[in-house]
Amino acid sequence: MTRTVLAAALAVAALATAGCSSASEPKAQSEPNAQSAPKTQSTPKAQSGPKPTDRPSGTAPACPEDGVVIKGLPVNAAMGTRAMGITLTNCGTRPYKVNGYPGVRVLDEQREPLDVKIAHGSDIVDDVGPEPLTLKPGEQAGAVLMWRNRVTDATRPAVNGAYLALTPAEDGGRPQTVRELVDLGSTGKLGVTAWHREGPKPHR
């Protein structure tokens, strides 16, 4: 009887001791699980540069809609005389017909036309006149512009153009602008030859 009572008393004491320990000591913090942990912001990916399709808008086409490109060649200058070759290239996919003289206008820095007389031919370059040409894709025609940097009238201010507006024909077409100093002095004249498959050669 005495042993049984003693064992029961020890069991009750053990339970009391365990209860007091759990009530007085804080529970250890458990590791946060994936759902309770705050989400961290992901580091943005580095930009890899523009894609091939992200091209600047308004880029000039390699070949204009009319299928020809007009370009200026370096000016040959000697003793006040100027000769400048120009080329017309068929950059399209169809034959292009040209016959006659290119249209030429001399422009100032603001690209406004200047009062310049355009004449066919001159004493600087041979001009045999127009001939009908059919340029295949990739073929080229040439012409020559010529002028003199000479002051013949002291009361007239010198004319210095900054651009040339060129068209495939005199009677119209889409102008193509060439940057070039056109120092006409006070002559106010510029000569041009007709288009030829091979550009005319200046006099020697």
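Fair warning: this is a prediction, and the values are worked out from it, not measured in the lab.
Note on V75: it clusters hydrophobically with V106, by side-chain heavy-atom contacts below 4.5 Å among ILVMFWY residues. V182 and V144 are members of different hydrophobic clusters when ILVMFWY side chains are connected at heavy-atom separations under 4.5 Å. Side-chain heavy atoms closer than 4.5 Å link hydrophobic residues (I, L, V, M, F, W, Y) into clusters, and following such links, even through other members, never connects I70 to Y163.
P175 and A165 get closest at one heavy-atom pair: CB-CB, 4.4 Å. Among all heavy-atom pairs drawn from R174 and P168, the shortest one is O-CD, 4.4 Å. Nearest heavy atom pair, residue E170 against residue P102, reads CG-O, 3.7 Å. Of all heavy-atom pairs between L181 and W147, the closest is O-CZ2, 3.8 Å. What you find for N90 and G67 is that their closest heavy atoms are OD1-O, 3.3 Å. Closest approach of D115 and R156 over heavy atoms only: O-NH2, 4.2 Å.
With respect to R148 and D123, a salt bridge is recorded, a charged nitrogen being found less than 4.0 Å from a carboxylate O. Ion pair R197/E139 flagged as a salt bridge, since at least one NZ, NE, NH1 or NH2 atom sits closer than 4.0 Å to an Asp/Glu carboxylate oxygen. By the 4.0 Å N-to-carboxylate-O rule, E112 lies too far from R105 to be salt-bridged with it.
T87 places a side-chain heavy atom less than 4.5 Å from the side chain of L73. Looking at V69 and P64, their side chains come closer than 4.5 Å, going by heavy atoms from C-beta outward. Within the 4.5 Å cutoff, the side chain of K71 has no heavy atoms near those of the I86 side chain. Annotation: side chain of Y101 is in contact with side chain of P130 (closest heavy-atom distance under 4.5 Å). A 4.5 Å side-chain heavy-atom check between L88 and L135 finds at least one atom pair inside the cut-off.
Sequence neighbours left out, not one pair with a member in residues 105-175 passes disulfide (SG to SG under 2.5 Å).
With E180 contributing its side chain and M84 its backbone, the two residues share no donor-acceptor pair below 3.5 Å. S122 places a side-chain N or O within 3.5 Å of a backbone atom of I124 that can act as its donor or acceptor partner.
Atom CZ of R94 sits in a sparse spot, with 12 or fewer heavy atoms from other residues, nucleotides or ligands closer than 6.0 Å.
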